[in-house]
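Okay, so here's the structure we're looking at.
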Amino acid sequence: MKFKSFADLIEQVKGKSNRVVVPGANNKEALTAIKMADQNGLISHGILIGPLAAVKQTVAEVGLDDSKFEFIDCEDVPTMCKLAVDQILAGKGDFLIKGLVDTKYYMKAILNKEAHLVPEGALLSHFVLFSTPKYHKPFAVTDSAVVIAPTLEQKAKIIQNAVNTMHKLGLETPKVSCVCPVEKVNEKIPSTVDAAALAQMNAEGKITGCTVEGPYDLYISLSPERAAEKGIKGKIVAGDADILMLPDLDAANPLYKALAFFGDHMEAAAVLVGPKIPVILPSRADDPKVKLNAIALCSFLKDQK
C-alpha cells in the first residue's frame with residue numbers, strides 16, 4: 001500500500017487541489033471534518049448546498065473559514081443532491097461529501113443515468129478502510145451501506161469494486177476473505193455456500209486481481225494463530241486478509257459501526273466505490289475524524305488511474 005497510516009495519507013495529499021461539494025451542508029459533523037481537512041491543507045475550494053441561513057449558522061458554529069466556499073441556497077433535499085452532482089458535472093468540484101441528506105436521495109442523484117457517473121453494468125458499493133495497531137496493516141470492510149442482500153453476482157461485483165480500489169491504493173494482489181459465521185460449507189447457512197462459490201469464481205478467473213478464500217470466520221480472516229487452531233493451514237488469505245467481504249448489510253453494517261465505535265485507536269474512512277468520481281458516504285453519526293480520513297482518501301483516489 002502506498003501509505004502506512006491515515007496520518008501518512010494526509011501528509012501525502014496535503015496541498016493538493018481538492019474542491020468539495022456538500023449537499024445538506026447544515027451538518028455540524030460534515031463541516032467539522034471539512035474544517036479539520038482545511039486546517040490540514042486538504043481543501044482548496046468548496047460548494048456548500050442547503051438552507052442558506054442554517055448552513056451559515058453551522059459554518060459559524062464550527063468556526064469554518066468560509067472564504068474558500070460558495071453557498072447555494074436550497075431547501076429541498078432531493079434538489080440539493082441533484083445540484084451537488086451538477087456542480088461535479090460542470091467541473092466545479094472534485095468529489096462529493098454527504099451532509100444532512102438521506103442516503104436514498106444522495107444515491108439517486110449519483111445513479112441518475114443523465115449524469116453518466118456510473119459505468120454501464122457497474123454496481124455501487126460501500127468501502128470502509130480501517131487502520132488499527134491491533135492489526136499489521138490497513139484492511140477494508142465491504143459492503144456495509146448500499147446493497148442490502150446481495151446476490152452471488154452482486155457479491156462478485158462488490159469484491160471487484162473493493163479489489164480495484166485496493167489496486168489504486170498500491171496493493172497489487174489483495175487478499176479477500178469471505179466472512180461467515182463458520183468456516184465450513186453448510187447448506188443451512190447460505191453465506192457459506194456463496195463464499196465457496198466466490199472462491200471458485202476467483203480460481204476460474206471470473207473475479208480477478210486478487211485471491212479470494214472462504215468461508216472463514218472473523219478469527220480465521222485476521223489471525224494466523226486462530227486460523228491454525230481451527231486447522232486452516234497453508235492458505236494465502238487466512239490470518240492475513242486485506243478485504244473482509246461480509247454476506248449482507250445485516251452483518252456488514254453492525255461490524256463497521258462496532259469497529260469504529262469500540263475499536264481501541266481504530267481509524268476509518270468510508271467511501272462509495274464504483275462511480276467515476278470518489279464519493280464520501282459515511283454514517284451520519286460517524287466521528288468527524290472518519291470524514292476527515294475519507295476526504296484524504298478521496299483526494300488520493302481521484303488522481304489514481
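Because the structure is a prediction, the values reported are computed rather than measured. Below, all heavy atoms of this structure are taken into account, side chains as well, without hydrogens, waters or symmetry copies.
- Here N164 contributes atom CG and C210 contributes atom SG; the two are 9.0 Å apart, rounded to the nearest 0.5 Å.
- Linking ILVMFWY residues whenever their side-chain heavy atoms come closer than 4.5 Å, directly or via other members, leaves L246 and I207 in distinct clusters.
- In this structure, the separation between CG on L198 and NZ on K206 is 11.5 Å, given to the nearest 0.5 Å.
- I88 and M80 fall within a single hydrophobic cluster, where Ile, Leu, Val, Met, Phe, Trp and Tyr are joined by side-chain heavy atoms under 4.5 Å apart, directly or via other members.
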>> Using the rule given for side chain to side chain contact (heavy atoms under 4.5 Å, CB included), can you reason through L169 versus F3, listing the C-alpha separation, both sets of side-chain angles and the distance that settles it, and then say yes or no?
In response: CA-CA 8 Å; L169 301 183; F3 52 88; 3.9 Å; yes

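- In this structure, the side chains of K68 and D65 stay at 4.5 Å or more apart for every pair of heavy atoms.
- Around NZ of K92, the count of heavy atoms belonging to other residues, nucleotides or ligands within 6.0 Å does not exceed 12.
- Counting heavy atoms from C-beta outward, M201 and I159 have side chains that stay 4.5 Å or more apart.
- Atom NZ of K28 has 12 or fewer heavy atoms from other residues, nucleotides or ligands within 6.0 Å.
- The closest side-chain heavy-atom distance from K302 to I277 is not below 4.5 Å.
- Around atom CD1 of I236, no more than 12 heavy atoms belonging to other residues, nucleotides or ligands sit under 6.0 Å away.
- Within the 4.5 Å cutoff, the side chain of L48 has heavy atoms near those of the L31 side chain.
- The side-chain heavy atoms of K155 and P247, taken from C-beta on, include a pair separated by under 4.5 Å.
- Using a 4.0 Å cut-off between a side-chain N of Lys or Arg and a carboxylate O of Asp or Glu, K175 and D242 do not qualify as a salt bridge.
- V128 and Y106 fall into different hydrophobic clusters, where Ile, Leu, Val, Met, Phe, Trp and Tyr side chains are chained together by heavy-atom contacts under 4.5 Å.
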> Given the rule in the side chain to side chain contact (heavy atoms under 4.5 Å, CB included) test, do L259 and F139 qualify, once you have shown the distances and angles that lead to the verdict?
Replying inline: CA-CA 12 Å; L259 288 172; F139 66 96; 4.3 Å; yes

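- For K257 and N253, the side-chain atoms include at least one donor-acceptor pair closer than 3.5 Å.
- By the 4.5 Å heavy-atom criterion applied to side chains, I295 and N18 are not counted as neighbours.
- Enclosure of atom NE2 in H265 is not indicated, since only 12 or fewer non-hydrogen atoms of other residues, nucleotides or ligands lie within 6.0 angstrom.
- Annotation: side chain of V176 is in contact with side chain of V163 (closest heavy-atom distance under 4.5 Å).
- Using a 4.0 Å cut-off between charged nitrogen and carboxylate oxygen, K291 and E29 do not count as a salt-bridge pair.
- Proximity of L123 to I158: side-chain heavy atoms (C-beta onward) are separated by under 4.5 Å at one or more points.
- Between the side chain of H167 and the backbone N or O of G209, at least one donor-acceptor pair lies under 3.5 Å.
- Ring centers of Y135 and F130: at least 6.0 Å apart, outside the cut-off.
- At least one cation-pi condition fails for K230 and Y219: the charged atom is not both under 6.0 angstrom from the six-membered ring centre and inside a 45 degree cone around its axis.
- The main-chain N or O of A145 is found under 3.5 Å from a side-chain atom of D143 such that the two form a donor-acceptor pair.
- Between the side chains of S223 and E225, at least one donor N or O lies within less than 3.5 Å of an accepting N or O.
- Within 6.0 Å of CD in E204 there are more than 12 heavy atoms belonging to other residues, nucleotides or ligands.
- More than 12 heavy atoms of other shown residues, nucleotides or ligands fall within 6.0 angstrom of atom NZ in K2.
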> Passes side chain to side chain contact (heavy atoms under 4.5 Å, CB included), L218 versus L244? Steps please.
Replying inline: CA-CA 8 Å; L218 200 60; L244 302 179; 3.8 Å; yes

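- Using modelled atom types and a 3.5 Å distance limit, the side chains of K289 and N293 yield a donor-acceptor pair.
- Taking a cutoff of 4.0 Å between a charged side-chain nitrogen and a carboxylate oxygen, K137 and D240 qualify as a salt bridge.
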